[in-house]
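Computed from a predicted model, the values in this text were never measured in an experiment. We name chains A, B, ... by the order of the sequence lines, and we start the count at 1 in each one.
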Protein chains: 2
Amino acid sequence: MTATRSSLPPNTDAADGPARKRGRLGQQEDEVFERIQQAILDHRLPPGTKLKEVPLAETFGVTRGLLRKVLTRLAHARLVDQRPNRGAKVASPSISESRDLFAARRAIEGAIVDIACRRIGARQIRTLRKMIEREQQAYRKDEVRAGLKLSIDFHRVLAEMAGNTVLAGFLDELLTRTPLVILAYKDTRATATGCDCEDHGAIADALEAGDADAAVQIMQKHLEELEGQLNLREEDSTTDLSAIFSR
Amino acid sequence: MTATRSSLPPNTDAADGPARKRGRLGQQEDEVFERIQQAILDHRLPPGTKLKEVPLAETFGVTRGLLRKVLTRLAHARLVDQRPNRGAKVASPSISESRDLFAARRAIEGAIVDIACRRIGARQIRTLRKMIEREQQAYRKDEVRAGLKLSIDFHRVLAEMAGNTVLAGFLDELLTRTPLVILAYKDTRATATGCDCEDHGAIADALEAGDADAAVQIMQKHLEELEGQLNLREEDSTTDLSAIFSR
DNA sequence: CCAAATAAAATTGTTGACAATCCTGTTTTT
DNA sequence: AAAAACAGGATTGTCAACAATTTTATTTGG
């Protein structure tokens with residue numbers, strides 16, 4: 001019961017009540033959205049956790065109505081499951097859902113890299129190289145969480161460069177959901193799960209050379225390897241139990 | 001002002017006031033959603049039309065709160081642009097947005113056909129053939145609207161058969177938006193815009209033969225032809241004006 | 001003791017009144 | 001006369017009380 005509350009970072013404004021002075025209107029909503037989203041992606045709110053409106057609203061010092069809107073937004077992003085009259089729970093991606101997600105990423109990011117190869121210029125290549133450099137630095141310092149974030153940023157920026165807003169929007173949703181399934185199904189034996197920087201470098205090389213086919217192939221192999229680091233065999237890990245009984 | 005109201009089909013319950021007896025709770029919300037959606041897709045509510053909450057709520061005999069939820073859902077489906085404090089307008093897909101949409105369909109439906117080729121069986125092939133048959137009948141009877149709907153159903157069912165829920169969800173959004181851009185940019189000189197049944201047949205053939213590469217290629221050519229029937233050159237048609245001045 | 005029925009509590013859903021913001025036409029100022 | 005300032009109405013946004021539903025606890029009957 002109190003787990004929901006205690007596992008979230010405390011909001012210093014909580015005691016002031018709901019009617020505190022605020023900067024701009026939607027500002028507050030966005031902040032609550034991002035704090036809950038981050039808690040879900042960090043597994044501080046593990047999959048299946050019931051998200052009750054009153055405790056959450058009190059935690060953040062906002063009204064129930066505002067929190068309700070936030071929950072709907074999170075449901076839209078597929079980070080929470082919202083069912084009529086029975087509240088919202090943190091989403092528990094199933095194994096087949098996770099596989100579908102990676103298959104979708106292969107299709108979409110394959111297309112993105114193919115398009116990017118035609119539209120990209122020297123300026124953009126430099127930007128990508130800089131991002132890869134920063135990513136490598138993070139991993140060298142064992143800052144795994146930062147590295148993973150930078151790695152996701154690489155994919156996101158690549159989509160932006162391709163310039164297809166529809167594909168970029170879809171990919172954005174998939175990139176957001178990816179950490180959730182990685183934490184849920186990470187193979188404990190595997191080394192630190194994350195993107196391989198060398199692959200990113202190879203993609204940049206292929207893009208610079210204008211070799212679309214190679215870029216697509218590397219990207220898809222890259223994603224297959226990432227999926228391969230997960231334990232997505234049929235139900236045999238402990239996490240599966242929570243997925244099965246979460247409803 | 002009253003255009004919003006008069007261009008929608010009248011709701012017989014409107015006069016009874018907001019608190020009429022209803023079947024199930026969410027039922028009413030879904031009905032309003034679908035009625036407005038259909039009006040947008042038919043261009044009875046043309047792109048750029050302001051959707052005011054009070055008149056719409058009265059038209060359907062629902063509360064403003066319910067209507068507000070519906071508008072948010074429509075905004076999520078990208079059929080409506082919702083901006084804070086300045087209401088909701090029917091979406092006006094730009095030319096580049098429309099091109100992006102078709103490029104996304106090529107990527108996603110290419111992947112779907114590829115996956116379907118491996119998972120599909122004789123049973124499913126029969127279902128597809130039956131759908132194509134019905135589609136041809138509709139076109140032969142010059143029932144263009146029905147034919148277009150059946151054509152979209154073909155793409156939707158194919159996605160379902162592939163079994164990737166993530167890709168199917170994305171495609172569903174794109175299929176819903178497609179009629180909106182077709183009506184907005186239909187080349188008046190072209191013959192009735194819609195899917196070519198022969199292409200659908202050829203896709204079924206390739207799937208039956210298990211030739212994934214052929215199926216993917218036909219699907220992508222099919223979508224390119226559909227896009228080619230539209231007038232997506234830079235601003236020269238009258239509809240562009242509304243797109244430019246809609247904000 | 002278990003199961004079904006029932007009562008109480010907790011939780012989600014809805015609404016109408018109120019507040020904040022934006023839009024439009026008018027007046028005032030330069 | 002053009003631009004800025006203002007006023008009024010129209011429109012969207014918010015909230016707290018109320019209603020409906022689900023969940024939990026208790027009782028009752030087999």
Side-chain angles (χ1 to χ4, degrees), chain A residues 1-5 13-14 16-33 36 45 48-76 80-90 245-247, chain B residues 1-5 13-14 16-33 36 45 48-76 80-90 245-247:
Chain A
M1 296 271 174
T2 54
T4 297
R5 195 171 207 154
D13 306 338
D16 301 347
R20 212 179 58 93
K21 199 183 291 181
R22 37 178 121 95
R24 279 238 159 60
L25 271 318
Q27 204 89 356
Q28 209 173 22
E29 183 183 322
D30 288 351
E31 196 203 315
V32 173
F33 178 88
I36 298 180
L45 291 173
T49 307
K50 181 101 196 272
L51 298 175
K52 291 179 199 170
E53 298 178 355
V54 175
L56 272 177
E58 280 172 357
T59 301
F60 292 112
V62 298
T63 59
R64 200 158 69 84
L66 175 60
L67 190 104
R68 188 167 252 272
K69 249 199 300 183
V70 169
L71 287 179
T72 303
R73 278 177 63 188
L74 288 164
H76 163 71
V80 320
D81 279 348
Q82 217 178 7
R83 307 181 67 173
N85 284 320
R86 55 196 63 181
K89 285 189 198 319
V90 176
F245 294 117
S246 67
R247 52 170 265 123
Chain B
M1 293 272 176
T2 55
T4 297
R5 198 173 209 152
D13 306 337
D16 302 347
R20 209 182 58 94
K21 199 184 290 181
R22 39 177 119 96
R24 279 239 162 58
L25 272 316
Q27 204 89 357
Q28 208 173 21
E29 181 182 322
D30 287 352
E31 197 202 316
V32 174
F33 178 87
I36 299 181
L45 290 173
T49 307
K50 180 99 196 271
L51 299 174
K52 291 179 198 168
E53 297 178 355
V54 174
L56 273 177
E58 280 171 358
T59 301
F60 293 112
V62 298
T63 58
R64 201 159 66 87
L66 176 60
L67 191 105
R68 188 167 252 270
K69 247 198 302 183
V70 169
L71 287 179
T72 302
R73 277 178 63 187
L74 288 165
H76 163 69
V80 159
D81 276 350
Q82 217 178 6
R83 306 179 68 173
N85 284 323
R86 56 195 62 179
K89 283 188 196 324
V90 177
F245 295 116
S246 66
R247 47 170 265 123

Asks: In whole Å, what is the span from the CD atom of A:Q82 to the C1' atom of D:dT21?
Replies: 16 Å

Asks: When the distance from CG of A:L51 to P of C:dT11 is rounded to whole Å, what number comes out?
Replies: 13 Å

Asks: What are the two closest heavy atoms between A:V70 and A:F33, and how far apart are they?
Replies: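 That would be CG1-CA, 3.6 Å.
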
Asks: May I have the distance from B:Q28 (atom CD) to C:dG13 (atom P), rounded to whole angstrom?
Replies: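 Rounding to the nearest Å, CD of B:Q28 and P of C:dG13 are 16 Å apart.
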
Asks: Has B:T63 got a side-chain N or O lying under 4.0 Å from the OP1 or OP2 atom of C:dT15?
Replies: yes

Asks: Does D:dT11 have OP1 or OP2 sitting under 4.0 Å from an N or O in the side chain of B:K50?
Replies: no

Asks: Could you tell me whether B:G87 contacts a base, only the sugar-phosphate backbone, or nothing, with contacts defined as non-hydrogen atoms closer than 4.0 Å?
Replies: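 B:G87: backbone/sugar contact only, no base atoms under 4.0 Å.
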
Asks: Could you check how far CG of B:L56 sits from P of D:dT11, rounded to whole Å?
Replies: 12 Å

Asks: Provide, to the nearest angstrom, the distance between the CG atom belonging to A:N85 and the C1' atom belonging to D:dT21.
Replies: 5 Å

Asks: In whole angstroms, how far is the C1' atom of D:dA10 from the CD atom of B:E58?
Replies: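 Nearest whole value for this atom pair: 13 Å.
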
Asks: Please state how far atom NZ in B:K52 lies from atom C1' in D:dT12, giving the value in whole angstrom units.
Replies: 12 Å

Asks: Taking all non-hydrogen atoms of both residues, which atom of A:Q82 and which atom of A:R68 are closest, and how far apart?
Replies: NE2-O, 4.5 Å

Asks: B:R86 has a side chain; which of D:dT12, C:dC23, C:dG16 sits nearest to it?
Replies: C:dC23

Asks: Which nucleotide sits closest to the side chain of B:R64: D:dA16, C:dA17, C:dT12?
Replies: C:dA17

Asks: Can B:V80 and B:K89 be said to form a side chain to side chain contact (heavy atoms under 4.5 Å, CB included), step by step?
Replies: CA-CA 6 Å; B:V80 159; B:K89 283 188 196 324; over 6 Å; no

Asks: Round to a whole Å and report the spacing from NZ of B:K69 to P of C:dT12.
Replies: 14 Å

Asks: Pick the closest DNA chain D nucleotide for B:E53 and for A:L66 by heavy atoms, then say which residue is nearer the 5' end.
Replies: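 Result: B:E53.
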
Asks: Show your working on side chain to side chain contact (heavy atoms under 4.5 Å, CB included) between A:L56 and A:L51 and close with a plain yes or no.
Replies: CA-CA 7 Å; A:L56 272 177; A:L51 298 175; 3.8 Å; yes

Asks: Taking salt bridge (charged side-chain N to carboxylate O under 4.0 Å, His left out) as the definition, give me every residue that meets it alongside A:R86, ordered by chain and number, with sequence neighbours left out.
Replies: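 In terms of salt bridge (charged side-chain N to carboxylate O under 4.0 Å, His left out), with neighbours along the sequence ignored, A:R86 is linked to no residue.
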
